[in-house]
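In what follows, a structure is listed as structure tokens, so that the remarks can point back to it.
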Amino acid sequence: MSAALKNLIRFHHTLICLITISVCWLSLPTRNLKAQSPDARAVAFAVQQQLVKAIEKAEHSVVAISKIKTRKQQFQSRIPAPFGLDPNQDLNLSHDPQDLNFIPSEFGSGVIIPDPTNQQRVLVLTNFHLTQGGPITGQKKVPEYRLYVHTEDRRGFYATLLAADPRSDLAVLVPAGRVAADASRPLKPVQYGNTESVRKGQFVIALGNPYAIARDGSPSASWGIVSNFHRYPVPIFKNFLNQELSKKETIHHFGTLLQVDTHLDLGTSGGALLDLDGNLIGVTTSLAALEGYEKSAGYAIPIDPDTRRIIDSLANGLEPEYGFLGITPDTIDRNEANRNLAGAVNLTESSYVQTGGVKQHSPAEQAGLRTGDLILSINGKPLRNELDLMREVGKAGAGTEAKLQILRGKNPRELTLTVKLGKWPVADDEGIVQTRYRHPLWRGLRVDYPTARAKYTFSPFTYPPAVVVTHVAPDSPAQQAGLTEGTFIRLVNDQPVQTPDAFYQEAQRASTSPVTLQLLDDRKVVLPNSKQ
């Protein structure tokens, strides 16, 4: 049975259910109802009309994306082609992405989003896994793939990566060249919805490019309901402090995804999940199904304030940063939690998060967190297990303040601790695409949080009271002074620095004079002004 036929049958089944519910409602005693109650047909048509309006409002903002092999990649197909066609075979198919006979190597969807920088650029939000190997904005290196964006008005353009982040599985594209004024006018950005009001059972609409059939630019639509929140659709890896961080681990392993009961077939990754007002509340993804199993559910990345923070970073060409606390969290059941508190309080939840260990110099230690503390909530959000904590800390972002509600001691006191979060270590920075940096090069070096990259950390894990050098420019004062990537700097002119902001603040105070850097091993290095 074809996917289109399945969708049609499913729509009719849902419509029949709606009509049945309406008829049952209308059959209730009428003494409390107005004289002119709507009939079942009117209710069904009202629902239908709302779906049509929502789709018409948003479909101009949804695009199809073709991933096209460059010549050197012609014989290295990564996934089966749609409909059993092999792009490597000589089928006399068109090489023009605008030709409907064109078959892309890989395919997916995207959403035109508002420009947070107010530059009125055309920005396309999509999934990271769809864009891997694509061209990067400003780089002349021949990429593995080209990316072509098909717009709803049957136009299109080649695109480049402005920024991409494997941990959120999100990427932002921009046109590879200037888009003509007449072509850019129809490219209206989508409107963001209010994800805080999303409820289980709420109707949602998905727009995307299933099986590359939307490569004419017109997105295909399906609809269903929100099935659940905070889903864990993939195996969970252990946390970083246990030294088992996987290169494939993402923030979604800790339970961020919406589960939706709607068709999300191959090619719908990067598509739009809409509410009934046609506003964007999620980015659909087909990557989340367990490998080797029939996909029984659809998933979407919710566009909540934390995801908006990530998207805004990508739209600025920056690497999104994730928060880091610096503890080993444990999940304990209610009985163990009550025993640890000597029965002084009656805890009622099934499980709790306990601090198993606090790393020296970490944000947690500086905030006053201790081993054995029971962490009840973060920023007002209750915690039931360590994955909840890791998710909320990660989403909060590096450098942000988080409030922890804790219980401490045998005669427990409820305390509120404010912690300024560090940066979650990146296991594999090869996938991260950034075309800008938060700080410029200073005398030929760039620094970051001490945990910015897993490759710079120690085993067993420690949290250095320092910043780490992530880049040294050739022939710069930093290189001439012997600084190398991975060097830790703990003092600038005798002032302690543990964050990039603190480092650059101290460095700029001596903008024209030599600066003395003290390294983690207590060696001192003097950096002259680059103009001297």
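None of these values were measured; they are calculated from a predicted model.
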Could you tell me whether a side-chain N or O of [X] sits under 3.5 Å from a main-chain N or O of [Y], the two making a donor and an acceptor?
| X | Y | value |
| --- | --- | --- |
| T284 | T268 | yes |
| E365 | H361 | yes |
| N316 | L318 | no |
| Q139 | I136 | no |
| D169 | H129 | yes |
| T487 | V469 | no |
| T126 | A171 | no |
| S61 | K188 | yes |
| T462 | P464 | no |
| S362 | Y463 | no |

Please examine the side chains of [Y] and [X], heavy atoms only from C-beta on, and report whether any two atoms are closer than 4.5 Å.
| X | Y | answer |
| --- | --- | --- |
| N335 | R339 | yes |
| L404 | V419 | yes |
| V63 | V111 | no |
| L147 | T160 | no |
| N209 | P219 | no |
| V226 | F203 | no |
| L274 | L207 | yes |
| I205 | L276 | yes |

Within a 6.0 Å radius of atom [atom1] on [X], are there more than 12 heavy atoms belonging to other residues, nucleotides or ligands?
| X | atom1 | result |
| --- | --- | --- |
| E196 | CD | no |
| K403 | NZ | no |
| N411 | CG | no |

Partner of I281 by side-chain contact (heavy atoms from CB on, under 4.5 Å), out of I303, T195, N194:
T195
Applying the side-chain contact (heavy atoms from CB on, under 4.5 Å) test to F488, which of V447, V468, D521, V467 qualifies?
V468
Partners passing side-chain contact (heavy atoms from CB on, under 4.5 Å) against D312 (at least two apart in sequence or in another chain)
P116
Nearest 0.5 Å please: distance from the [atom1] atom of [X] over to the [atom2] atom of [Y].
| X | Y | atom1 | atom2 | value |
| --- | --- | --- | --- | --- |
| K57 | I55 | NZ | CD1 | 13.0 Å |
| T328 | F461 | OG1 | CZ | 9.0 Å |
| Q505 | D501 | CD | CG | 8.0 Å |
| E386 | D330 | CD | CG | 6.5 Å |
| L314 | L161 | CG | CG | 10.0 Å |
| L258 | T285 | CG | OG1 | 12.0 Å |

How far apart are the closest heavy atoms of [X] and [Y], and which atoms are they?
| X | Y | result |
| --- | --- | --- |
| P320 | S313 | CA-CB, 4.0 Å |
| V149 | A159 | CG2-CB, 3.9 Å |
| L273 | A300 | CD2-CB, 3.8 Å |
| W424 | G323 | CB-O, 3.6 Å |
| V345 | P412 | CG1-CG, 3.8 Å |

Could you tell me if the ring centre of F503 sits under 6.0 Å from that of Y449?
no
Given the side-chain rings of H439 and Y504, with only the six-membered ring counted for Trp, is the space between their centroids under 6.0 Å?
yes
Any donor-acceptor pair under 3.5 Å linking the side-chain atoms of [Y] with those of [X]?
| X | Y | result |
| --- | --- | --- |
| S222 | T262 | yes |
| Q405 | E414 | yes |
| D165 | S168 | yes |
| N340 | Q354 | yes |
| Q366 | Q498 | yes |
| H230 | T256 | no |
| E336 | Y352 | no |
| R121 | T117 | yes |

Between [X] and [Y] (salt bridge meaning N to carboxylate O under 4.0 Å), is one present in this structure?
| X | Y | result |
| --- | --- | --- |
| R370 | D373 | no |
| D304 | K395 | yes |
| R384 | E349 | yes |
| E401 | K420 | no |
| E319 | R453 | yes |

Could you give me the CA-CA distance, side-chain angles and deciding distance for E321 and R167, then say whether salt bridge (Lys or Arg N to Asp or Glu O under 4.0 Å) is met?
CA-CA 10 Å; E321 297 181 330; R167 296 158 298 174; over 6 Å; no
Please evaluate residues L421 and L325 with respect to the criterion side chain to side chain contact (heavy atoms under 4.5 Å, CB included), reporting the C-alpha separation (whole Å), side-chain torsions for both, the decisive distance (0.1 Å), and the verdict.
CA-CA 6 Å; L421 299 173; L325 193 55; 4.0 Å; yes
Are R231 and Y299 in a cation-pi setup, meaning NZ or CZ lies under 6.0 angstrom from the ring centre and within 45 degrees of the ring axis?
no
Please determine if K67 forms a cation-pi arrangement with Y145, meaning its NZ or CZ atom is less than 6.0 Å from the six-membered ring centre and no more than 45° off the ring axis.
yes
Mind running side chain to side chain contact (heavy atoms under 4.5 Å, CB included) on R408 and L417 for me, showing each step along the way?
CA-CA 12 Å; R408 172 180 293 169; L417 303 180; 4.1 Å; yes
Would D275 and Q202 count as a side chain to side chain contact (heavy atoms under 4.5 Å, CB included) if you check the C-alpha gap in whole Å, the side-chain angles of each, and the deciding distance to 0.1 Å?
CA-CA 8 Å; D275 60 22; Q202 173 178 326; 3.8 Å; yes
Verify ring pair (Phe, Tyr, Trp, His ring centres under 6.0 Å) between F254 and Y322, making sure each step is shown before the conclusion.
CA-CA 13 Å; F254 306 129; Y322 297 82; 9.9 Å; no
Where do L383 and I378 land on the side chain to side chain contact (heavy atoms under 4.5 Å, CB included) test, with the steps shown first?
CA-CA 7 Å; L383 306 174; I378 177 171; 3.7 Å; yes
